[in-house]
Student: 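So that we are looking at the same thing, I have put the structure below in structure tokens.
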Amino acid sequence: ELAPDGRSFAILAGDGTPSLLDASTGRRFRALPRSPLWPQTERARLDGFTFSRDGTRLLAVSWGGEDGVVRKLDDEGKVTAEANVGAAVASLAVTSDAKSVVVACKDGNVVVLDGELKQSGKKSFSQRKLRVVITDGKSIAVSGDDGVVRVTSVSLNGDVKELAGHDGGVNALAFLPRDGRLASGG
């Protein structure tokens with residue numbers, strides 16, 4: 001996961017803890033310590049994470065399986081908030097002001113959480129294996145296994161615009177902020 005400023009990226013180390021690497025050299029400059037609050041089981045590893053848009057925080061998707069819990073971590077790797085979204089998490093994205101976390105669940109639902117991880121919206125999509133990306137801070141793009149990218153408001157209250165064109169599932173989404181384009185790949 002590349003930090004929004006492009007200067008660092010995070011990877012999962014062999015033991016499942018995130019490490020931060022310098023993007024220009026590839027050298028590790030920081031490893032987040034395992035928090036004593038993390039589950040202490042053999043499967044207690046982070047399965048996925050993303051940076052907040054301001055690059056100051058990592059958000060954990062889940063650890064040790066598909067528990068459907070999104071966790072917010074501080075700089076020491078401690079859990080500061082968590083929310084159960086009701087289904088396994090496929091992907092998540094954070095608005096640039098870090099006030100909303102948009103979670104795509106494997107059951108076809110998209111859940112919006114506020115900055116403290118309290119649920120503020122939910123919408124069901126017919127797709128499975130969802131991916132989500134924040135576009136301009138006001139809109140999100142959602143993709144899945146039906147080959148259609150759907151764009152709607154972060155609040156999930158707006159109209160849904162469908163962008164068709166893929167023959168198979170859409171497994172990757174990226175927003176290019178410099179020119180305002182959305183990229184998708186199967």
Student: What heavy-atom pair brings Ser143 and Val149 nearest, and what distance separates the two atoms?
Tutor: CB-CG2, 4.2 Å
Student: Say whether Val148 and Leu173 are linked into one hydrophobic cluster, either directly or through other cluster members, by side-chain heavy-atom distances under 4.5 angstrom.
Tutor: no
Student: Side-chain contact, heavy-atom cut-off 4.5 Å: Ile140 with Val110?
Tutor: yes
Student: Can you list everything that forms a side-chain contact (heavy atoms from CB on, under 4.5 Å) with Ala104? Sequence neighbours excluded, please.
Tutor: Ser91, Leu130, Val132
Student: In Å and rounded to the nearest 0.5 Å, what is the CZ to CG distance from Arg71 to Asn84?
Tutor: 9.0 Å
Student: Nearest heavy-atom pair of Ser139 and Val151: which atoms, and what distance?
Tutor: CB-CG1, 4.2 Å
Student: If I take atom NZ from residue Lys122 and atom CG from residue Leu156, how far apart are they, to the nearest 0.5 angstrom?
Tutor: 11.0 Å
Student: Return all side-chain donor-acceptor pairs below 3.5 angstrom for residues 158-169, not counting sequence neighbours, or 'none' if the list is empty.
Tutor:
{"unit_1": "Glu162", "atom_1": "OE2", "unit_2": "Arg150", "atom_2": "NE", "d": "3.3"}
{"unit_1": "His166", "atom_1": "NE2", "unit_2": "Ser184", "atom_2": "OG", "d": "2.7"}

Student: Under the rule for side-chain contact (heavy atoms from CB on, under 4.5 Å), what residues qualify as partners of Asp114, not counting sequence neighbours?
Tutor: Glu116, Lys118
Student: Nearest heavy-atom pair of Val142 and Phe125: which atoms, and what distance?
Tutor: CG2-CZ, 4.2 Å
Student: What heavy-atom pair brings Val69 and Glu82 nearest, and what distance separates the two atoms?
Tutor: CG1-CB, 3.9 Å
Student: Which residues satisfy the side-chain contact (heavy atoms from CB on, under 4.5 Å) test with Ser120, sequence neighbours excluded?
Tutor: Val112
Student: Applying side-chain contact (heavy atoms from CB on, under 4.5 Å), name anything that partners Thr25, two or more places apart in sequence or on another chain.
Tutor: Asp22, Arg27
Student: Of all heavy-atom pairs between Ala81 and Leu117, which one has the smallest distance, and what is that distance?
Tutor: O-CD1, 3.5 Å
